[in-house]
Each structure stands twice: as structure tokens, then as C-alpha cells.
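Below, all heavy atoms of this structure are taken into account, side chains as well, without hydrogens, waters or symmetry copies.
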Amino acid sequence: CPPGAKDVPPAAATALSQIGFWMAEEGIVNVGAMVLLGNLPCIRCGRGDWCEVSGIKMIYGPEATVASVGVHTFEENDAVLDEAAQLGKAIREAVLNSRPVPPSQEMPK
């Protein structure tokens with residue numbers, strides 16, 4: 001769901017919070033997170049414009065259509081790809097710094 005969608009619970013924020021609490025309880029270091037705006041199944045099912053229980057209408061309003069909502073992709077979004085690359089580097093560094101690795105098993109930089 002888009003952030004701030006009326007009458008829709010903040011699912012992504014709730015999930016991040018719950019996973020963060022679980023990680024803390026388990027002693028896992030949280031090096032970051034990403035939230036991407038995805039697509040409702042209604043966009044691809046072929047009935048999103050007229051379905052009575054369409055998530056499109058529930059989230060975006062009764063006049064919303066597949067065309068007005070659009071299809072969200074991350075593959076062409078350079079900012080998202082850069083953020084994912086930075087998070088990947090942070091994860092790699094956290095793993096490499098968490099335990100000693102024999103020189104023969106070091107990952108190339």
C-alpha cells in the first residue's frame with residue numbers, strides 16, 4: 001500500500017517494526033531495510049477496474065482504475081537500485097566483520 005493510504009493499516013511499517021524487534025531479541029544486527037511499493041494482484045488479474053472487492057478501489061478510492069494507479073517497477077528506478085546496492089554492501093560488511101574468516105576463504109573485494 002502506498003504510505004498514508006486512507007483507512008489502510010501501515011503494513012510495511014508494522015512488518016519492519018516486528019521484524020526489527022524479533023532481530024533485537026535474537027541478537028541480530030539490523031543493518032538496514034527497504035520498502036518498495038509493489039503491485040496489487042488486481043493490476044494483472046484483468047478485473048481490477050470493475051471488481052467489487054478490488055484492492056485498487058479499496059486503497060486508491062472508488063474512481064481508481066488500473067490505468068490511473070499504474071504498474072510499479074523497481075527495475076528501472078535508479079534510486080531504488082542504488083539503495084539496494086548500498087544495503088547489499090552493508091550486509092556484506094556486517095557478515096565479514098561478524099566472524100574471522102580464514103584468508104583462504106576471503107571474498108574478493
Side-chain angles (χ1 to χ4, degrees):
C1 296
K6 185 180 179 206
D7 300 325
V8 179
T14 301
L16 284 175
S17 175
Q18 293 301 312
I19 292 169
F21 285 130
W22 173 78
M23 290 174 70
E25 289 174 354
E26 297 298 323
I28 299 170
V29 176
N30 186 346
V31 296
M34 289 184 68
V35 175
L36 302 175
L37 182 58
N39 297 301
L40 296 165
C42 307
I43 288 176
R44 299 217 169 116
C45 79
R47 292 174 261 167
D49 289 340
W50 51 268
C51 176
E52 290 184 24
V53 293
S54 171
I56 291 174
K57 300 202 182 299
M58 177 185 76
I59 294 170
Y60 295 97
E63 304 302 318
T65 64
V66 171
S68 71
V69 170
V71 177
H72 304 284
T73 62
F74 67 87
E75 296 89 351
E76 298 172 7
N77 185 330
D78 289 338
V80 170
L81 294 176
D82 290 343
E83 185 179 353
Q86 293 302 315
L87 183 55
K89 288 177 184 176
I91 292 169
R92 179 182 186 276
E93 289 302 314
V95 169
L96 291 176
N97 293 326
S98 68
R99 60 183 169 79
V101 177
S104 62
Q105 296 178 4
E106 285 184 354
M107 295 176 62
K109 294 184 180 188

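In this structure, Glu52 places its CD atom where only 12 or fewer heavy-atom neighbours from other residues, nucleotides or ligands lie under 6.0 Å away.
Side-chain contact between Ile19 and Met23 is present, with heavy atoms from C-beta onward closer than 4.5 Å.
Both Leu40 and Val71 belong to a common hydrophobic cluster when Ile, Leu, Val, Met, Phe, Trp and Tyr are linked at side-chain heavy-atom distances under 4.5 angstrom. Follow the hydrophobic side-chain contacts under 4.5 Å out from Ile28 and you never reach Val31; the two are in separate clusters. One hydrophobic cluster holds both Leu87 and Phe74 under the rule that ILVMFWY side chains link at heavy-atom gaps under 4.5 Å.
At distances below 3.5 Å, not a single donor-acceptor pair connects side-chain atoms of Ser17 with backbone N or O atoms of Ala13.
Ala64 and Val69 get closest at one heavy-atom pair: CB-CG2, 4.2 Å. Closest non-hydrogen pair, Val66 versus Cys42, comes out as CG2-O, 4.1 Å.
If you take CG on Leu81 and CD on Glu75, they are separated by 8.0 Å, rounding to the nearest 0.5 Å. The distance from atom CD of Glu83 to atom CG of Asn77, rounded to the nearest 0.5 Å, is 9.5 Å. Considering CD1 of Ile43 and NE2 of His72, their distance stands at 6.0 Å, rounded to 0.5 Å. Distance CG/Asp49 to OG/Ser54: 7.5 Å, rounded to 0.5 Å. The CD atom of Gln86 sits 11.5 Å away from atom CD1 of Ile91, with the distance rounded to the nearest 0.5 Å.
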